[in-house]
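To start, the structure under review is shown below, and the notes come after it.
Ligands are counted one by one from 1 in listed order, and the atoms in each one are counted from 1 as well. As the structure is a prediction and not an experimental result, all values here were calculated from the model. Heavy-atom basis, side chains included; hydrogens, waters and symmetry copies ignored.
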Amino acid sequence: MKEGTIEKSGAAVDPEALEAIGRYARRPLKAEEVYTFSMVLCDNEVDRDHERFSIPALERLAQLFVGKTGIFDHDPKGANQTARIYGCRVERIEGRRTTVGEPYCTLRAEAYMVRSEKNADLILEIDAGIKKEVSVGCAVGRAVCSICGQDRSRDPCRHRPGQIYQGDGAERLCHTVLDEPADAYEWSFVAVPAQPAAGVTKGLAPEGEEPGDILKTWAAGGAGLSPLERQELARRLDRLEEEAARGRAWREKVYGEALRLGALAEPDLPRELLAKTLDPLGPEALEDWAAHFRRKAAGRLPLIQTAGEDAPRRAEENTPFKL
Ligand SMILES: [Zn+2]
């Protein structure tokens with residue numbers, strides 16, 4: 001999912017727009033029956049998930065999003081409210097570059113709703129700037145590592161998005177370049193800002209308190225949030241927890257592996273000492289140690305023939321660690 005913003009709304013509907021809208025309406029609509037607004041669906045900047053679209057990907061998405069309906073997420077009353085994109089294009093913002101040095105481009109969409117009793121509140125909210133964010137979903141054919149160019153959707157590489165790598169005398173931020181979009185799904189309104197470093201999950205907790213508890217309490221109790229915002233916050237917290245659990249599971253796995261291979265490679269080393277050495281390490285360092293022990297163990301025990309998943313002899317194949 002990517003997020004964008006609604007930027008202009010309620011402008012007078014010109015005949016050209018009305019004609020484009022007419023393609024989706026069951027009967028010809030008059031200008032006063034239609035409410036239009038303009039959105040930035042996404043851009044080519046690296047986002048907080050350390051991903052970005054290529055410019056050709058945005059061009060393709062511009063074609064894919066035309067005709068797609070938007071839903072009003074998390075709003076039970078909004079089940080039947082929809083807006084539809086009737087025009088979409090890539091806009092190059094002159095004089096601005098992305099953090100990786102490309103011309104900054106946004107995917108600009110024009111959408112319409114039929115003015116009706118049912119939509120009146122929503123139109124008010126958009127006009128008032130309350131419903132400002134949109135979130136879009138799409139499927140991409142390629143997810144390329146910015147460091148080594150490998151397509152991660154097929155074969156994960158060793159680089160970790162969000163980490164800085166040294167290369168060619170410069171520091172490079174590892175991220176994923178999303179390319180060759182295959183499909184665009186529905187888009188929806190959300191109520192939480194999604195700019196890099198501006199998300200709700202960052203910078204909230206006062207010092208010395210448990211950030212998790214504060215956020216949970218906030219999500220449950222409100223503290224100035226609307227019911228929609230509370231739902232959105234709760235949804236994001238769930239996602240963060242899920243990601244954290246995956247991270248812990250990964251560390252546990254490589255920790256166990258490093259410990260086991262360490263015992264094989266260094267049979268004389270007391271296991272407690274080995275555990276004490278490995279305990280404070282993060283998953284990447286543990287992976288390095290596991291690889292080292294694997295090589296060492298392969299040298300020590302060349303005759304081991306059990307072809308278990310991590311049998312020491314596999315080290316010779318030099319297979320990269322996979323998640
Ligand atoms: Zn890579």
Side-chain angles (χ1 to χ4, degrees), residues 1-3 42-61 97-105 107 136-183 194-197 199 201-202 239-240 242-258 261 278 281-296 298 309-312 314-323:
M1 294 295 266
K2 296 279 163 188
E3 279 106 359
C42 56
D43 58 24
N44 63 334
E45 186 56 276
V46 181
D47 69 9
R48 58 171 174 205
D49 295 323
H50 311 296
E51 294 174 343
R52 70 173 168 95
F53 287 114
S54 69
I55 294 174
L58 290 182
E59 299 282 359
R60 179 73 189 124
L61 284 173
R97 300 221 154 230
T98 64
T99 48
V100 295
E102 286 200 324
Y104 180 70
C105 296
L107 188 61
V136 300
C138 65
V140 292
R142 282 163 59 79
V144 177
C145 172
S146 66
I147 302 291
C148 68
Q150 193 156 305
D151 184 355
R152 289 202 178 107
S153 65
R154 273 161 239 285
D155 200 6
C157 64
R158 296 186 57 89
H159 302 111
R160 315 243 167 254
Q163 290 217 355
I164 305 280
Y165 290 88
Q166 306 285 341
D168 308 330
E171 289 190 331
R172 292 192 295 163
L173 171 70
C174 178
H175 61 274
T176 305
V177 184
L178 305 176
D179 219 343
E180 296 175 15
D183 203 0
Q195 296 305 310
T201 50
K202 295 183 182 115
R239 190 176 133 193
L240 279 176
E242 199 184 300
E243 281 171 1
R246 272 206 296 273
R248 281 194 297 273
W250 172 42
R251 189 196 173 276
E252 213 163 287
K253 190 179 159 195
V254 288
Y255 177 84
E257 207 177 354
L261 291 167
L278 297 177
L281 301 180
E284 272 109 358
L286 287 170
E287 255 184 20
D288 290 343
W289 276 107
H292 168 78
F293 287 143
R294 192 181 282 120
R295 278 192 300 272
K296 198 108 194 263
E309 197 186 273
D310 293 302
R314 279 183 61 121
E316 291 154 26
E317 297 163 18
N318 202 19
T319 34
F321 185 85
K322 286 182 190 149
L323 290 181

State plainly whether the residues Arg248 and Glu252 are in salt-bridge range, i.e. N to O under 4.0 Å.
-> no
Would you mind checking if Arg160 and Glu287 are paired as a salt bridge, meaning a charged N to carboxylate O distance below 4.0 Å?
->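 Yes, Glu287 and Arg160 are salt-bridged.
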Parallel, tilted or perpendicular: which describes the rings of His292 and Trp289, with under 30° parallel and over 60° perpendicular?
->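 Correct class here is perpendicular.
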Verify whether one side chain among Thr98 and Asn44 offers a donor that lies under 3.5 Å from an acceptor in the other.
->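 No.
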Which atom, among the N/O/S set of His159, is closest to the Zn ion (ligand 1)?
->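 For His159, the N, O or S atom at the smallest distance from the Zn ion (ligand 1) is ND1.
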Tell me whether Cys148 has at least one N, O or S atom under 2.8 Å from the Zn ion (ligand 1).
-> yes
The Zn ion (ligand 1): angle it makes with SG (Cys157) and SG (Cys145), nearest 10 degrees = 100°
